[in-house]
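Note that the numbering runs from 1 along the sequence shown for the chain.
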Amino acid sequence: MSAPAPSTPAIVDAEPLPRQEEVLTDAALAFVAELHRRFTPRRNELLARRGERRAEIARTSTLDFLPETAAVRADDSWKVAPAPAALSDRRVEITGPTDRKMTINALNSGAKVWLADFEDASAPTWENVILGQLNLTDAYERRIDFTDPRSGKSYALKAADELATVVMRPRGWHLEERHLQLDGVSVPGALVDFGLYFFHNAQRLIDLGKGPYFYLPKTESHLEARLWNDVFVFAQDYVGVPQGTVRATVLIETITAAYEMEEILYELRDHASGLNAGRWDYLFSIVKNFRDGGAKFVLPDRNAVTMTAPFMRAYTELLVRTCHKRGAHAIGGMAAFIPSRRDAEVNKVAFEKVKADKDREAGDGFDGSWVAHPDLVPIALASFDAVLGEKPHQKDRLREDVSVAAGDLIAIDTLDARPTYDGLRNAVAVGIRYIEAWLRGLGAVAIFNLMEDAATAEISRSQIWQWINADVVFENGEHATAELARTVAAEELAAIREEIGEETFTAGKWQQAHDLLLQVSLDQDYADFLTLPAYEQLR
């Protein structure tokens, strides 16, 4: 008697979507089920390990490079795999969600790479998860177009050789996909996003002269990178593509990962493409991990923490040195400005800031950088063209002049800036506006001329939490308290109601967003991720 076929994930509590059967095939679901069975137990262990490490940081208020991996750092002989042709030149990368219009515009943007985002720029509604997969496959098959129902404007892909290379970002290890369950257990969102994309597109991308390329978010240790590497090895064998076809760029956007950059590249070395400096999540991670470390770890207003702050310089320069030592690309941070169609002066000032930021990154040795809007692509391109010329990258700049001690990465008290009352108001205003849009299924949101994503809301609520718990006194003499935060939030909600009108306000999720922001900002039991309680409310 033959053994019963392994079960496949069940679709739970989800309205059927047009063409979902093209994504959720039996074969694709069987692959996702196998990923879940093999790798979710280890993922669960690593999430528990995060908690243990956080407890150790709470006890010691410090971090250091790992003594147990010193041999990896000291061994100069190893390098990551050479970059494939499609990922050799990454001087400008555009980021954004995988809705149909964005898919076309990002591919057509003139950027070398598009980070097709299923993570922080995408609220993980069932529709976004599944239709985003369809949009990418449609793009590779050149059967994608879009007509804006409001403007009537039509969008279509340019010639193949003018399109950006796609690097897809799945969700982080901490998130579940509640609509796909195996034996009553939700499959991790990371394995759903990766599994469906890889299964349907790995061979298709190889046939197009590219490959299945990924950005890995929220990584906290080299052991988490090792897990991803094992996923890649298994997946390549499963679908029958050569080992080393996958390439992964890891976001160094947690403070713990900053101490393990070399080890992360080592674990992924046959599949590694580079590291990226992710600013807002990095600051959020510092607050989260050192939230009980006292006054010396209190961050000022988020906009006062520029990339020229000493501890941010230490982080980015160490990243460039580490990448180039190991033959990997170093990718810089986000220019999040959204050009104003009405205010040329706002644009002029912002474009100058973007240019200065990209000039600094190119001068520091980065091989490329991120922008959030197509209008910023030429500005970033010019900065990197000026340094790179015809070269695809500058990995030959080894930055051996850089020397970073463990304490340099957490020297928050080297900043002169302090939290301000306006900073509190801004954190509340941005937090409410972002969460409201997220609860409606939008992950990338233009707020006050900046493209904001989930990392923005994380740093906003974390700073409110930190300032209250550190009993910060603002420049106007007011103490950061829960009552003050509630007052500011109520005023902000009333201002939004007046600004947009009663009908629009009622149709939105404003009160819900206000309540959720206060919950994650004021609860003594600090939530590891805002998106965990928010996902429970996402319908």
Q: Given ring-ring contact (aromatic ring centres under 6.0 Å, His included), test Trp228 with Phe232 step by step and report yes or no.
A: CA-CA 6 Å; Trp228 268 120; Phe232 297 155; 5.7 Å; yes
Q: Would you check, one step at a time, whether the test salt bridge (charged side-chain N to carboxylate O under 4.0 Å, His left out) holds for Arg204 with Glu141?
A: CA-CA 9 Å; Arg204 181 178 278 121; Glu141 294 287 307; 2.5 Å; yes
Q: Apply the test side-chain hydrogen bond (donor to acceptor under 3.5 Å, both in side chains) to residues Asp237 and Gln243: give CA-CA distance (whole Å), side-chain angles for both, the deciding distance (0.1 Å), then the verdict.
A: CA-CA 7 Å; Asp237 280 348; Gln243 287 295 329; 2.9 Å; yes
Q: Applying salt bridge (charged side-chain N to carboxylate O under 4.0 Å, His left out), run through Arg53 and Glu260 and close with a yes or a no.
A: CA-CA 14 Å; Arg53 192 172 197 187; Glu260 300 182 38; 2.8 Å; yes
Q: Check the pair Glu45 / Arg42 against salt bridge (charged side-chain N to carboxylate O under 4.0 Å, His left out), numbers first and verdict last.
A: CA-CA 5 Å; Glu45 290 169 7; Arg42 264 177 65 197; 6.0 Å; no
Q | Residues Asp408, Arg313; criterion salt bridge (charged side-chain N to carboxylate O under 4.0 Å, His left out); working and verdict | A | CA-CA 9 Å; Asp408 297 341; Arg313 289 289 290 162; over 6 Å; no
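Taking a cutoff of 4.0 Å between a charged side-chain nitrogen and a carboxylate oxygen, Glu119 and Arg169 qualify as a salt bridge. Salt-bridge check for Glu176 with Arg43: passed, with a basic side-chain N closer than 4.0 Å to an acidic carboxylate O. With respect to Asp76 and Lys325, a salt bridge is recorded, a charged nitrogen being found less than 4.0 Å from a carboxylate O. Salt-bridge annotation for Lys358 and Glu361: present, with a side-chain N of the basic residue lying under 4.0 Å from a carboxylate O of the acidic one. Asp528 and Arg54 are not joined by a salt bridge, as no carboxylate oxygen comes within less than 4.0 angstrom of a charged side-chain nitrogen. Of the charged side-chain nitrogens involved, none lies within less than 4.0 Å of a carboxylate oxygen, so that Arg279 and Asp357 do not count as a salt-bridged pair.
With contacts defined as side-chain heavy-atom distances shorter than 4.5 Å, the pair Lys218/Glu253 qualifies. Side-chain atoms of Leu265 and Trp78, non-hydrogen and from C-beta on, do get closer than 4.5 Å to each other. Side-chain contact check for Asp117 versus Thr95: every heavy-atom pair is 4.5 Å or farther apart. A 4.5 Å side-chain heavy-atom check between Ser7 and Leu182 finds at least one atom pair inside the cut-off. Counting only heavy atoms from C-beta outward, the side chains of Ser109 and Trp114 never approach each other to under 4.5 Å. Considering only heavy atoms from C-beta on, Trp126 comes within 4.5 Å of Glu177 through its side chain. Side-chain contact between Glu93 and Tyr215 is present, with at least one heavy-atom pair separated by less than 4.5 Å. Within the 4.5 Å cutoff, the side chain of Asp138 has heavy atoms near those of the Arg100 side chain.
More than 12 heavy atoms of other residues, nucleotides or ligands sit less than 6.0 Å from atom CD of Glu68. Summarising the local packing, CD of Glu127 is surrounded by 12 or fewer heavy atoms from other residues, nucleotides or ligands at distances under 6.0 Å. Within 6.0 Å of atom CZ in Phe39, more than 12 heavy atoms from other residues, nucleotides or ligands are found, so the atom counts as buried in its surroundings.
Here Leu388 contributes atom CG and Arg397 contributes atom CZ; the two are 10.0 Å apart, rounded to the nearest 0.5 Å. In this structure, CZ on Arg73 lies 10.0 Å from OG1 on Thr322, to the nearest 0.5 angstrom. Note that OG1 of Thr25 is 5.5 Å distant from CZ of Phe199, once rounded to the nearest 0.5 Å. Between the NE2 atom of His36 and the OG1 atom of Thr8 there is a distance of 12.0 Å, given to the nearest 0.5 Å. The line from CG of Asn229 to CZ of Arg269 is 8.0 Å long, rounded to the nearest 0.5 Å. For the atom pair OG (Ser273) and CG (Leu268), the distance works out to 10.5 Å, reported to the nearest 0.5 Å.
When Val167, Leu216, Leu251, Val250 are each tested for a side-chain contact (heavy atoms from CB on, under 4.5 Å) with Asn276, only one passes: Leu251. Applying side-chain contact (heavy atoms from CB on, under 4.5 Å) to Asp367 and the options His324, Arg90, Arg91 leaves one that passes, His324.
Between the Asp64 side chain and the Ala406 main chain, no donor and acceptor come within less than 3.5 Å of each other. Side chain of Glu452 to main chain of Ala457: no donor-acceptor pair is present (N/O by atom type, distance under 3.5 Å, no hydrogens or angles). Here the side chain of Ser369 pairs a donor or acceptor atom with the backbone of Gly333 at under 3.5 angstrom. No donor-acceptor pair closer than 3.5 Å links the side chain of Glu263 to the backbone N or O of Val72. Side-chain atoms of Lys210 do not come within 3.5 Å of backbone N or O of Leu205 as any donor-acceptor pair. At distances below 3.5 Å, at least one donor-acceptor pair connects side-chain atoms of Thr165 with backbone N or O atoms of Ala86. Thr256 places a side-chain N or O within 3.5 Å of a backbone atom of Glu220 that can act as its donor or acceptor partner. With His271 contributing its side chain and Arg247 its backbone, the two residues share no donor-acceptor pair below 3.5 Å. Under a 3.5 Å cut-off, the side chain of Asp281 and the backbone N or O of Ala455 do not form any donor-acceptor pair. The main-chain N or O of Ala454 is found under 3.5 Å from a side-chain atom of Tyr434 such that the two form a donor-acceptor pair.
Taking the ring axis of Tyr526 as reference, the NZ or CZ atom of Arg461 stays within 45° of it and closer than 6.0 Å to the ring centre.
Across every non-hydrogen atom of Gln133 and Asp193, the tightest pair is NE2-O, 3.1 Å.
Ring planes of Phe198 and Phe194: parallel class, angle under 30° (limits at 30 and 60°).
If you look at Tyr197 and Phe118, their ring centroids are not closer than 6.0 Å.
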